Number of protein chains: 2
Amino acid sequence: MKKLENLSYDELLEEFKTLLKKNALKFTTQREVILKTLYENQNHFTPENLYLLVKQNYPDLNIGITTVYRTLNLLEENNIASSISFGQAGKKFELSNRPHHDHLICEKCGDIVEFHNDEIEQLQEKIANIHNFKLTDHLMQLYGICQKCQED
Amino acid sequence: MKKLENLSYDELLEEFKTLLKKNALKFTTQREVILKTLYENQNHFTPENLYLLVKQNYPDLNIGITTVYRTLNLLEENNIASSISFGQAGKKFELSNRPHHDHLICEKCGDIVEFHNDEIEQLQEKIANIHNFKLTDHLMQLYGICQKCQED
DNA sequence: CTGTGTGCAAACATTTTGCAAGCAG
DNA sequence: CTGCTTGCAAAATGTTTGCACACAG
């Protein structure tokens, strides 16, 4: 699997075009706009949110939410985007070009600190191997009280 | 928050009854049967799966899936059960009386393997310390493809 | 030109809500 | 008795599919 971390928009776009060509799929305005919107707003989007933002930013392009779903699934299947599940609240998607990180979350003030720890990631691989899983992703969130809130 | 790890069924039931009494809620056959079925099948259930199993095990009790949803939410709100999200595939629930563990989840078939790794938990503590957080909890889910699905 | 992509509406799947009847306390 | 609880049906929510027209290659 190709590593997409830290790609610029143009590089990401090339990646997307290559993938489309390889599968005899077509490069359309809708697909381009969705990728661009995801890139320009380094955020986690629900399909609905993304749909509304695209509609707002490109009012002349009469995009349908169906296309947003189809494109997000296409991007995810090809590892250009990834999603996190939220129960019946649905999924949130983000591009795969950001460096990997996990979250340390303060339960009192909601502050989020990003961190990365290779040692843990290696142990996670090891655990997956033991169970014969091919690891594709992980979610690690540590909950606690930050220093500031401990002092209050 | 009360610690429910390793409680027997009777203790769990007492916990549940106390909770119901405290909130002027009623102890019904349906609620008892749902708790019991969760306990006797130390498994992760979707509401649908649990509903079908209860129907099968108690054919005389004409239970509705609505009640299963309502009871699972009640149990979760009161920390007697907890759930994991699966995008549009919904949630899976398990009782909270079991020793701490994390989850390895197959993205294709939804199968869940439990694991526990002290080394990782110690590293998590260390990370929290570096950022001056007092750790209270964590969520760690590894996503991958299980051996069976890799073969397909 | 050919066949993929699109938007729309309808279908689906999962979960929640409104309601009248049932039953625990 | 009182009012919480239940099952049913309908609604709500989120996502996918069928179709005829549009358009990229």
Side-chain angles (χ1 to χ4, degrees), chain A residues 13-14 16-35 37 44-56 58-78 81 83-93, chain B residues 13 16-35 37 44-56 58-78 81 83-93 107 109-110:
Chain A
L13 188 61
E14 273 320 301
F16 191 27
K17 283 183 176 173
T18 304
L19 145 75
L20 291 174
K21 198 160 290 172
K22 205 173 62 192
N23 294 82
L25 302 177
K26 292 174 181 175
F27 180 65
T28 64
T29 310
Q30 285 86 342
R31 285 176 175 162
E32 180 177 14
V33 156
I34 287 170
L35 185 71
T37 303
H44 293 255
F45 282 105
T46 60
E48 171 94 13
N49 292 155
L50 183 54
Y51 166 68
L52 292 174
L53 187 58
V54 169
K55 257 187 117 88
Q56 185 183 314
Y58 305 85
D60 296 341
L61 180 69
N62 182 24
I63 199 168
I65 196 165
T66 312
T67 299
V68 175
Y69 274 103
R70 286 191 277 227
T71 303
L72 285 173
N73 288 334
L74 178 65
L75 291 172
E76 184 170 32
E77 279 161 21
N78 292 281
S83 71
I84 298 177
S85 293
F86 284 86
Q88 87 280 23
K91 283 185 185 179
K92 288 189 180 177
F93 291 79
Chain B
L13 189 61
F16 190 27
K17 282 183 177 173
T18 304
L19 147 74
L20 291 173
K21 198 160 289 172
K22 205 174 59 192
N23 294 80
L25 302 175
K26 291 173 182 178
F27 181 65
T28 63
T29 310
Q30 285 87 339
R31 285 177 174 161
E32 179 176 15
V33 156
I34 287 171
L35 185 71
T37 303
H44 297 89
F45 283 106
T46 60
E48 171 93 15
N49 292 155
L50 183 55
Y51 167 67
L52 292 173
L53 186 58
V54 169
K55 258 187 114 90
Q56 184 183 314
Y58 305 85
D60 296 341
L61 179 69
N62 182 24
I63 199 168
I65 196 165
T66 311
T67 299
V68 174
Y69 274 102
R70 284 192 278 228
T71 303
L72 283 174
N73 288 335
L74 177 65
L75 290 172
E76 184 170 31
E77 279 161 23
N78 291 281
S83 72
I84 299 177
S85 291
F86 284 87
Q88 89 278 24
K91 284 184 184 179
K92 287 189 179 179
F93 291 79
E107 291 191 313
C109 68

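Keep in mind it's a predicted model, so treat the numbers as computed, not measured. So that the names make sense, note that chain A is the first sequence line, chain B the second, and so on, each numbered from 1.
In this structure, A:Tyr69 reaches the D:dT15 phosphate: one of its side-chain N or O atoms is under 4.0 Å from OP1 or OP2. An OP1 or OP2 oxygen of C:dT16 is reached within less than 4.0 angstrom by a side-chain nitrogen or oxygen of B:Asn73. The phosphate of C:dG22 has neither OP1 nor OP2 within less than 4.0 Å of any side-chain N or O from B:Asn62.
B:Lys91 has its NZ atom 14 Å from the C1' atom of D:dG14, to the nearest Å. The CZ atom of A:Arg70 sits 11 Å away from the P atom of C:dC8 (whole-angstrom rounding). One interatomic measurement links the two molecules: CG of B:Leu61 to P of C:dC23, which rounds to 11 Å at whole-angstrom precision.
Side-chain contact check for B:Thr37 versus B:Tyr58: some heavy-atom pair is nearer than 4.5 Å. Counting heavy atoms from C-beta on, the side chains of A:Leu72 and A:Lys91 never come closer than 4.5 Å.
In this structure, of D:dT16, C:dG5, C:dT17, it is C:dG5 that holds the atom nearest to the side chain of A:Leu25.
With rounding to the nearest 0.5 angstrom, the CG atom of A:Leu25 is 8.5 Å from the CG atom of A:Asn78.
Here the shortest heavy-atom pairing between B:Phe16 and B:Leu74 reads CE1-CD2, 4.2 Å. Taking both residues in full, the closest heavy atoms of B:Tyr51 and B:Ile63 are given as CE1-O, 3.4 Å, listed atom of the first, atom of the second, then distance.
Of the two residues near DNA chain D, B:Ala24 and B:Tyr51, the one whose nearest nucleotide lies more 5' is B:Ala24.
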Self-check item: Pair B:Phe93-B:Thr71, side-chain contact (heavy atoms from CB on, under 4.5 Å): steps then yes or no
Solution: CA-CA 11 Å; B:Phe93 291 79; B:Thr71 303; over 6 Å; no

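A heavy atom closer than 4.0 Å to some atom of DNA chain C occurs in A:Lys26, A:Thr28, A:Gln30, A:Arg31, these being the qualifying members of residues 26-35 of chain A.
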